[in-house]
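Comments concern the structure below.
Residue numbers start from 1 in every chain, and the chains themselves are labelled A, B, ... in the order their sequence lines are given, proteins ahead of strands.
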Amino acid sequence: MCGELTSENIGQVVRLCGWVSSCRNHGGVIFINLRDREGVTQVLVNPSDDEQVYKLAKALRNEWVVSAAGTVRARPEGMRNPKMPTGDVEIVCENLAVLNRADPVPFEPDIPEKVSEETRLKYRYIDIRRSELTGALVMRHRITKCIRDYYDAEGFIEVETPFLTKSTPEGARDFLVPSRMQQGTFYALPQSPQLFKQLLMIGGMDKYMQIVRCFRDEDLRADRQPEFTQVDVEMSFVTCQDVIRVNEGAMRVVAKLCDVPFPETVKVLSYDHAMRDFGTDRPDLRFEMTLHDVTDLAKGSDFKVFASVADAKGLVKGLTAKGGAAFTRSQIDGLAEFCRELGAKGLAWAKVLDDGTLSGSLAKFFTADKCDALKAAMDAQPGDCMMFVADEPKTTNKVLAALRCKLGKDMGLCGRDLWAWCWVVDFPLLEWDQLEQRWSACHHPFTAPLDEDVHLLDSDPGKVRSKAYDLILNGTELGGGSVRIHDVSVQKKVFDTLKISEQESRAKFGFLLDALRFGAPPHGGIAFGLDRIVMIMLQRDSLRDVIAFPKTTSGGCPLTGAPAAVDDKQLAELDIRVIRPPAGLPMPPDDAG
RNA sequence: GGGGCUGUAGCUCAGUUGGUUAGAGUGCCGGUCUGUCACACCGGAGGCCGCGAGUUCGAGUCUCGUCAGCCCCGCCA
């Protein structure tokens, strides 16, 4: 193919098919850059050669689809192009055929100009001709294959599970599909094959994996698409450690394929540890800058903001930016604004001067000895800048975790060659849902509690830790999973705590409860986000850069125009009526108002 | 649901304090040119300034609304 020719091919007669990337007509000799999936090769047309070929070459335009045959030869001395992988050779064209013409394209695939994403998505087939996107899709294929091969070698069986399935409570909003044959009822597209893979374990499949599309109808982000691909895995007769070990191996082979370092042993942090030091359950360990709890110091301080928060069971935490004394006032104001946007009341800060004294918004509130205690607690040296947030624990942690990441990026601590992996374990099983005034599952309601914490389910549900684990790379969750409940009485107990009634659990997961009674092996598993794995390994900033046909932030596809209104006939067959059609469409004729 | 940024030629962008006929690069069309490599040079065409109101003698520019794209919060077990 075009990108594969080197000086080793000199003398060979080849035929290349591809797209005209550029055409340089010198009035006599014509150079054509021909592109295909693998790259670009220069084709040379001489006026002294075949008249037909020359006439055809003169008429070529960019993005026409052509077939060119000729002999590979070394370029003359001084005419080589070191910027091109194939720059040492060229094809002397002996035969040329236009396979298809092309209208002028909206943008040129080979020009390194930043084209708006909207345009790129609308003409995605042209965007895909760009080497960045072609390359990403090729790498995605290789990563996927490498993962399949790994699990195959480990004895896993790939089993397909249904896309048309049943809506489950808890978790994300479902995408619904109306049933025509049973009008008024709906399938749900799976948020993940969670229950099916557990049923496969109960069915004795022992080791299951599937690379599978999942669907969640929630608002999107750069790292979140409404449909995404999971590497879904489940294993029987295993502990957390077994699952972690086997699946870590999968990431190890992927990392190797992508030339990404992978440690001999991956760090393991408890959830509590991660929250304490980093304020988040997916810490970015590429740099230090840990958070420090100074609530106790704040209690006794003259700084009312701190003291009142500390007294009201709030959390006062801070981080120390090494060398941060060099920050300008406007830089710090910018950081404070950043924190306010995330919900903080403000950002208190103090620079440590060369003589050890403090300067900044809270310097005057700390006497010399308290100042020393603060510096010690914050591990701050002269030349550093300490920054603090005081708020409810959740807000304090959220804001400081975000601030830490921002500082890490701004201060250049997240080098492109830094790769920090870790497992986060011992998550809480449940969290209190303020809105609904009940406990809800942190992971999902089938996650097993730690054996030694089961007794806390009645007395102190918030204290119960779970057999759940997440794999984190550079502050992004690549995947997570858990050992599941395989005992029907424990499962019922968890449902009780979640205030899922006997009746509701029977209606929603009766089939699982039944299955748990008919010989369920202990089992557990994990699911990795394939799109995220590819995105991070290829160092792209958006999932859209590793998906062939992604959706926009509002869930649309500029290429196909999806989602779109459907014919009245289609709706009638489903016994569905649209109450409020989108702007630009007529109201249904039979609408009574 | 909330906050922020953006929207001007096919594409990427500039457009001053509100002031005559809205510019540039690139692409496109025509021409010249035998070693370029995003060829070069000469000429030409190309605009619903996202859309809708408002302020004004006058709006690409100011105000309000709306739509779309992107980033973030909420949400995403």
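- Checking the phosphate oxygens (OP1, OP2) of rC39(B), a side-chain nitrogen or oxygen of Arg24(A) falls inside 4.0 Å.
- Between Arg282(A) and Arg224(A), it is Arg282(A) whose nearest contact on RNA chain B lies nearer the 5' terminus.
- Among the protein residues, Arg75(A) comes within range of the nucleic acid bases, having at least one heavy atom under 4.0 Å from a base atom.
- Judged by closest nucleotide on RNA chain B, Asp223(A) is the one of Ser192(A) and Asp223(A) placed further toward the 5' end.
- Remark: Lys398(A) is in phosphate contact with rG74(B), judged by side-chain N or O atoms under 4.0 Å from OP1 or OP2.
- Residue contacts shown for Ser21(A) are absent, as no nucleic acid heavy atom lies under 4.0 Å away.
- Residue Asp217(A) is out of contact with every strand shown, counting any heavy-atom pair closer than 4.0 Å.
- Within the shown strands, rC29(B) is the pairing partner of rG43(B) under the Watson-Crick or G-U definition, both distances less than 3.5 Å.
- The base of rG35(B) is paired with the side chain of Arg73(A) by a donor and an acceptor separated by under 3.5 Å.
- Within the shown strands, nothing qualifies as a pairing partner of rG18(B) under the Watson-Crick or G-U definition with both distances less than 3.5 Å.
- Under the Watson-Crick and G-U wobble criteria, each requiring two contacts below 3.5 Å, nucleotide rG7(B) is paired to rC67(B).
- In this structure, Leu543(A) atom CG and rG69(B) atom C1' are separated by 17 Å, rounded to whole Å.
- To the nearest 0.5 Å, the span separating CD on Glu94(A) from CG on Asp50(A) amounts to 9.5 Å.
- Phosphate proximity of rU6(B) to Ser116(A): absent, as no side-chain N or O sits under 4.0 Å from OP1 or OP2.
- Residue contacts for Glu118(A): at a heavy-atom cut-off of 4.0 Å it reaches the sugar-phosphate backbone alone, with no base atom in range.
- Counting non-hydrogen atoms under 4.0 angstrom, Ile111(A) reaches a base of the nucleic acid.
- Using a 4.0 Å cut-off, no side-chain N or O of Arg61(A) falls inside it from OP1 or OP2 of rG27(B).
- No more than 12 heavy atoms of other residues, nucleotides or ligands lie within 6.0 Å of CZ in Arg282(A), so this atom counts as exposed by the packing criterion.
- rG46(B) and rA9(B) have their C1' atoms separated by 6 Å, given to the nearest Å.
- Contact annotation: side chain of Asp219(A) to base of rG74(B), donor-acceptor pair present below 3.5 Å.
- Although no hydrogens or angles enter the test, the distance criterion places a donor-acceptor pair under 3.5 Å between the side chain of Arg124(A) and the main chain of Ala548(A).
- On a pure distance criterion of 3.5 Å, no polar donor-acceptor pair joins the side chain of Glu113(A) and the base of rU26(B).
- Between Trp19(A) and Trp64(A), the ring center distance fails the sub-6.0 Å criterion.
- In this structure, Arg544(A) reaches the sugar-phosphate backbone alone: every heavy-atom distance under 4.0 Å involves primed, P, OP1 or OP2 atoms, never a base.
- With rG69(B), rC76(B), rC37(B) as the candidates, the nucleotide lying closest to the side chain of Met84(A) is rC37(B).
- Taking only side-chain atoms of Lys83(A), from C-beta outward, the nucleotide of rA38(B), rC76(B), rC70(B) with the closest atom is rA38(B).
- Formation of a donor-acceptor pair under 3.5 Å by the Arg532(A) side chain with backbone atoms of Glu477(A) is found in this model.
- The nucleotide whose nearest atom lies closest to any side-chain atom of Thr119(A) is, among rU12(B), rC37(B), rU34(B), rU12(B).
- Using N1 to N3 plus N6-O4 or O6-N4 for Watson-Crick, or N1-O2 and O6-N3 for G-U wobble, each under 3.5 Å, rC13(B) pairs with rG23(B).
- At least one side-chain nitrogen or oxygen of Arg221(A) sits closer than 4.0 Å to the OP1 or OP2 atom of rC73(B).
- Residue Asp541(A) qualifies as open at atom CG: its count of foreign heavy atoms under 6.0 Å is 12 or below.
- Ring geometry for Tyr123(A) against Tyr125(A) counts as perpendicular: the plane angle is over 60°, on a 0 to 90° scale with 30° as the lower cut.
- Using the six-membered ring where Trp is involved, Phe509(A) and Phe495(A) have ring planes that are parallel, under 30° apart on the 30 and 60° scheme.
- Among the heavy atoms of the strands lying under 4.0 Å from Glu90(A) is at least one base atom, whether or not backbone atoms are also near.
- No engagement by Arg484(A) is indicated, since no non-hydrogen atom pair under 4.0 Å with the nucleic acid exists.
- Residue-level contact check: Glu117(A) touches the backbone only, with heavy atoms under 4.0 Å from sugar-phosphate atoms and none from bases.
- Nearest to the side-chain atoms of Ser22(A) among the listed nucleotides rC73(B), rC11(B), rC39(B) stands rC39(B).
- Heavy atoms of Leu121(A) sit nowhere under 4.0 angstrom from any nucleic acid atom.
- Nucleic acid contact for Pro76(A): base, since at least one base atom lies under 4.0 Å from a heavy atom of the residue.
- As judged by a 4.0 angstrom heavy-atom cut-off over every strand, Asn33(A) is placed among residues touching the sugar-phosphate backbone only.
- Pro112(A) comes within contact range of no nucleotide atom at all, as no heavy-atom separation falls under 4.0 Å.
- Base pairing of rU61(B) is not made with any nucleotide, judged by Watson-Crick or G-U wobble geometry with both donor-acceptor distances under 3.5 Å.
- Nearest nucleotide to the side chain of Glu218(A), out of rG35(B), rC11(B), rC76(B): rC76(B).
- Considering only the side chain of Glu108(A), rG27(B) comes nearest among rG27(B), rC11(B), rC75(B).
- Evaluation of Phe31(A) against the base of rU36(B) yields a stacking contact (centre distance < 5.5 Å, interplanar angle < 30°).
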